[in-house]
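These notes are about the structure you will find just below.
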Number of protein chains: 2
Amino acid sequence: MRSKEFEPDEIADAAMRVFWQRGYAATSIQDLVEGTGLSRSSLYSTFENKQGLYQQALRRYEAVTTANVELLSGAGSPRDLIRQLLVSVAEDELGDPQRRGCLVANATLELAGHDAAVAELVAHNFLRLQKALEKLILRGQQSGEVAAARNPRALARFFVNTLQGMRVLGKGSPLTQRSQCLMDVIDVALDTL
Amino acid sequence: MRSKEFEPDEIADAAMRVFWQRGYAATSIQDLVEGTGLSRSSLYSTFENKQGLYQQALRRYEAVTTANVELLSGAGSPRDLIRQLLVSVAEDELGDPQRRGCLVANATLELAGHDAAVAELVAHNFLRLQKALEKLILRGQQSGEVAAARNPRALARFFVNTLQGMRVLGKGSPLTQRSQCLMDVIDVALDTL
DNA sequence: TAGTTTTTGGAACGATCGTTCCTGATGAGT
DNA sequence: ACTCATCAGGAACGATCGTTCCAAAAACTA
């Protein structure tokens with residue numbers, strides 16, 4: 001026997017960064033060879049093919065969702081925690097020189113309509129975020145900080161929707177008013193609480 | 001002289017439908033030849049190259065934005081008109097067997113971060129919708145139907161954001177609750193008015 | 001240390017990519 | 001009807017696509 005010389009998760013992380021920046025179709029195997037430092041044969045023997053590597057990369061991206069879920073699960077004012085999440089997304093959109101956006105949003109619009117495996121992976125991400133938001137909003141309603149008139153699940157879905165909208169406008173709204181645009185969105189959205 | 005045997009706008013429309021369904025990178029010239037009925041040489045002599053054809057297709061998609069702007073410019077309750085727009089997007093996402101979504105949203109996430117020409121085209125679409133919404137919301141505030149506390153431009157941006165979020169969740173949220181998800185989003189968003 | 005198994009890098013596969021070019025067909029002008 | 005500029009179709013370009021294969025290097029077992 002001979003042991004592997006690399007950690008598959010680390011390779012998937014490296015591939016994730018390549019797909020994140022370029023998208024699926026626009027990324028070539030050569031891009032992935034250079035981005036991961038592995039040869040073609042090692043990539044194929046480990047991940048089967050390009051689709052398999054992409055799906056594994058998408059699974060590794062769940063770590064980003066996990067970080068957001070943990071942010072929302074922390075102590076503090078529910079409204080402030082949600083604002084923190086929204087602001088962090090706005091800052092990411094405005095500050096990332098690579099303009100990658102969110103891999104889940106990118107994967108959704110590029111592939112989820114035609115690829116069932118990708119559709120399931122992105123849906124899982126959305127659901128995890130939705131559940132964390134719902135829990136947090138329920139806590140806010142029970143403490144009286146958030147108006148209890150609304151279904152917390154509906155509010156959670158609304159904020160997931162707002163976040164994904166920001167991923168689109170963060171890339172596509174006119175550059176001169178992009179920052180103001182995202183701030184307006186955050187302020188209006190938070191007023192639903 | 002010999003006159004053209006086709007109308008460039010109609011060819012661009014046909015190309016638009018192909019790009020709309022497959023995206024930019026995943027669409028081959030062969031797909032466009034079959035989708036437009038034109039030969040390679042005619043496509044290249046008319047639109048220069050694949051990028052040029054895509055940009056022209058994106059310009060033709062402005063007709064969709066125009067239809068939405070006209071909907072918002074019609075008579076009727078501002079809140080109802082906005083609801084109509086949101087519902088029409090939800091119905092499109094739920095009902096389109098091709099699962100195309102919105103070409104502007106697709107173009108934004110796939111290309112706007114790396115392609116300045118595409119970025120300008122999508123920004124123009126967003127701005128047109130934002131202005132129509134702003135005008136409508138202002139009218140609602142003046143008639144007293146909509147609370148006048150908020151900046152109408154901020155509200156307009158918020159609704160553009162909501163619409164684009166729905167384009168993501170319409171493709172990516174779990175299928176079993178997708179319809180309810182979009183309805184929840186619409187209800188919460190409309191309560192900001 | 002010799003033997004064995006697995007991984008590795010890179011060459012090479014056919015297919016398809018975006019693009020160009022050439023040829024015959026076409027229709028307007030005289 | 002003849003000319004001629006311009007058209008459309010499809011063959012063909014080199015490059016690159018995703019994928020496979022193979023020989024050599026490496027590391028564990030005995």
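Sequence lines set the chain letters: A, B, ... in the order given, protein chains first and strands last, and positions in each chain run from 1.
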Measure the acute angle between the ring planes of Tyr24(B) and Phe19(B), then classify it against the limits of 30° and 60° as parallel, tilted or perpendicular. parallel
Are OP1 or OP2 of [N] and a side-chain N or O of [X] less than 4.0 angstrom apart?
{"X": "Ser42(A)", "N": "dT7(C)", "value": "no"}
{"X": "Ser28(B)", "N": "dC17(C)", "value": "yes"}
{"X": "Ser39(A)", "N": "dT8(C)", "value": "no"}

Roughly how many Å is it from [atom1] in [X] to [atom2] in [N], rounded to a whole number?
{"X": "Phe47(A)", "N": "dT7(C)", "atom1": "CZ", "atom2": "P", "answer": "13 Å"}
{"X": "Leu32(A)", "N": "dG18(D)", "atom1": "CG", "atom2": "C1'", "answer": "11 Å"}
{"X": "Ile29(A)", "N": "dT20(D)", "atom1": "CD1", "atom2": "C1'", "answer": "12 Å"}
{"X": "Leu43(A)", "N": "dT8(C)", "atom1": "CG", "atom2": "P", "answer": "10 Å"}
{"X": "Tyr24(A)", "N": "dG18(D)", "atom1": "OH", "atom2": "P", "answer": "8 Å"}
{"X": "Tyr44(A)", "N": "dT7(C)", "atom1": "OH", "atom2": "C1'", "answer": "18 Å"}
{"X": "Gln30(B)", "N": "dA12(D)", "atom1": "CD", "atom2": "P", "answer": "16 Å"}
{"X": "Leu53(A)", "N": "dC17(D)", "atom1": "CG", "atom2": "P", "answer": "15 Å"}

For a quick check, tell me whether the side chain of Arg40(A) and the base of dT19(D) share a donor-acceptor pair closer than 3.5 Å. yes
Using 4.0 Å as the upper bound for N to carboxylate O, is an ion pair formed by Asp92(B) and Arg100(B)? no
Pick out which of Arg167(A), Met166(A), Gln164(A) makes a side chain to side chain contact (heavy atoms under 4.5 Å, CB included) with Asn161(B). Met166(A)
Nucleotide of dC17(D), dG10(D), dT19(C) approaching Lys50(B) most closely (side-chain heavy atoms): dT19(C)
Please tell me if the side chains of Gln55(A) and Leu121(A) come closer than 4.5 Å, counting only heavy atoms from C-beta onward. yes
With a 3.5 Å distance limit and no angle check, can you tell me whether Ser88(A) reaches the backbone of Leu85(A) through a side-chain donor-acceptor pair? yes
Of Glu48(A) and Asp31(A), the one whose closest nucleotide on DNA chain D sits nearer the 5' end is Asp31(A)
